[in-house]
Amino acid sequence: MAKLLSYKEVSEHNTADDLWMIIDGKVYDCTGFVEEHPGGDEILVDLGGQDATGPFEDIGHSEDAIKLLEPMYVGDVDTTSEPVAVEAVEMSSAATTGGEGNGLMIIALIAVFLGIAYYYFSQ
Ligand code: HEM
């Protein structure tokens, strides 16, 4: 019978040296595969210890990719166990870029406003 693992137990394996993830209710130990992943190591480490079913399926991984999972199988996730809240690790670059974008937008608006004010006062 498959080994049952709680969400908490899986969440403790969330580093590049010890990386588990849940795909379709099954727990996989991807530690040895992190460096090999054609999609990069970072993406796997980011999802370490978590349920990666959505991201894994969204990419449309090939049959070969699905076969690679077989030897990494550790057990099944105990869906009755308490889900674990995932902490936000760091701000994404998209969010940072968004912030800078807003700053530039404000500067641009001030410049436009000053331009209009100058036009009226110099009449
Ligand atoms: C242990 C689980 C995983 C395995 C065994 C795996 C395996 C693979 C393999 C073999 C490829 C090459 C293309 C293919 O055959 O489909 C690939 C590509 C890719 N994978 Fe994964 N993958 C895993 C998890 C993930 C996860 C969780 C993500 C998160 C989004 C991800 C993102 C990607 C991306 C973005 C590519 C495309 C790389 C490219 O074509 O430039 N993978 N993966």
Side-chain angles (χ1 to χ4, degrees):
M1 213 178 103
K3 194 174 169 188
L4 272 189
L5 300 141
S6 68
Y7 285 112
K8 183 167 188 305
E9 204 169 345
V10 176
S11 74
E12 283 158 7
H13 302 265
N14 63 350
T15 65
D17 303 336
D18 176 17
L19 201 85
W20 289 11
M21 72 180 47
I22 303 166
I23 297 172
D24 222 4
K26 294 190 162 66
V27 181
Y28 297 99
D29 180 349
C30 321
T31 313
F33 181 70
V34 179
E35 302 274 304
E36 316 288 321
H37 184 224
D41 54 351
E42 223 171 284
I43 211 160
L44 294 191
V45 177
D46 279 355
L47 289 164
Q50 301 169 45
D51 191 331
T53 312
F56 183 84
E57 285 175 358
D58 285 350
I59 298 300
H61 280 93
S62 66
E63 285 294 317
D64 285 348
I66 293 163
K67 280 214 183 77
L68 282 173
L69 287 173
E70 284 170 21
M72 303 184 209
Y73 177 69
V74 182
D76 291 344
V77 71
D78 179 359
T79 49
T80 63
S81 66
E82 189 83 17
V84 175
V86 178
E87 287 171 36
V89 183
E90 60 187 287
M91 218 155 109
S92 75
S93 58
T96 317
T97 319
E100 279 168 13
N102 282 342
L104 285 177
M105 184 62 98
I106 289 166
I107 291 168
L109 283 173
I110 292 171
V112 168
F113 177 76
L114 288 176
I116 293 169
Y118 178 74
Y119 177 77
Y120 277 106
F121 285 114
S122 60
Q123 295 278 312

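What's counted below: heavy atoms across the whole structure, side chains too, no hydrogens, waters or symmetry copies. The shown structure was predicted, so the numbers you read here are calculated from the model rather than taken from an experiment. The chain is numbered in sequence order, starting from 1. One-based numbering, in listed order, for ligands and for the atoms of each.
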Hey, is atom 10 (C) of ligand 1 touched by any protein heavy atom at less than 4.0 Å? yes
Quick one, V34 and V45 - any side-chain contact, counting heavy atoms below 4.5 Å? yes
Tell me, please: is D64 in heavy-atom contact with ligand 1, that is, under 4.0 Å? no
Starting from atom 15 (O) of ligand 1, which protein heavy atom do you reach first, and at what distance in Å? S62 OG, 2.5 Å
Per-atom filter on ligand 1: closer than 4.0 angstrom to a heavy atom of C30 are 1 (C)
How close do I22 and V27 get, counting heavy atoms only, and between which atoms? CG1-CG2, 4.4 Å
Which option out of E70, M72, E57, H37 puts a heavy atom nearest to atom 32 (C) of ligand 1? H37
Among protein heavy atoms, which sits nearest to atom 8 (C) of ligand 1, and what does the distance come to when rounded to 0.1 Å? H61 CD2, 3.3 Å
Under 4.0 Å to a heavy atom of L68 - the qualifying atoms of ligand 1, by number: 5 (C), 10 (C)
Given P55, P71, G60, which one has a non-hydrogen atom that is nearest to atom 30 (C) of ligand 1? P55
Is the shortest side-chain heavy-atom distance between L47 and F56 below 4.5 Å? no
Nearest-0.5 Å distance that lies between atom CG in L114 and atom CG in L109: 11.0 Å
In terms of heavy-atom contacts, M72 and C30 come closest through SD-CA, 3.8 Å
Side chains of K26 and Y28: closer than 4.5 Å at any heavy-atom pair? yes
Under 4.0 Å from atom 40 (O) of ligand 1, is there at least one protein heavy atom? no
Determine, using heavy atoms of F33 and all atoms of ligand 1, whether some pair is separated by less than 4.0 Å. yes
Among all protein heavy atoms, pick out the one at the shortest distance from atom 12 (C) of ligand 1; state its residue, atom name and that distance to 0.1 Å. P38 CG, 3.5 Å
How close does the nearest protein non-hydrogen atom get to atom 36 (C) of ligand 1, and which residue and atom is it? G39 CA, 3.6 Å
Heavy-atom contacts under 4.0 Å between L44 and ligand 1: side chain, backbone, both, or neither? side chain
Is there side-chain contact between H37 and I43, with heavy atoms separated by less than 4.5 Å? yes
If you count the atoms of ligand 1 from 1 in the order shown, which ones are under 4.0 Å from a heavy atom of I43? 29 (C), 30 (C)
Residue, atom and distance of the protein heavy atom nearest atom 2 (C) of ligand 1 read L69 CD2, 3.5 Å
All heavy atoms of D78 vs all of T80, minimum pair found to be OD1-OG1, 2.5 Å
What protein heavy atom sits nearest atom 35 (C) of ligand 1, and how far away is it? I59 CD1, 3.6 Å
Residue, atom and distance of the protein heavy atom nearest atom 3 (C) of ligand 1 read F56 CE1, 3.5 Å
Taking C-beta and beyond as the side chain, do D76 and L5 meet within less than 4.5 Å on heavy atoms? no
Taking the side chain as every heavy atom from C-beta outward, state whether L44 and M21 have any pair of such atoms under 4.5 Å apart. yes
Ligand-residue contact atoms, ligand 1 with L47, heavy atoms, under 4.0 Å: 27 (C), 29 (C)
Those residues that, when tested against E12, pass salt bridge (Lys or Arg N to Asp or Glu O under 4.0 Å) (two or more places apart): K8
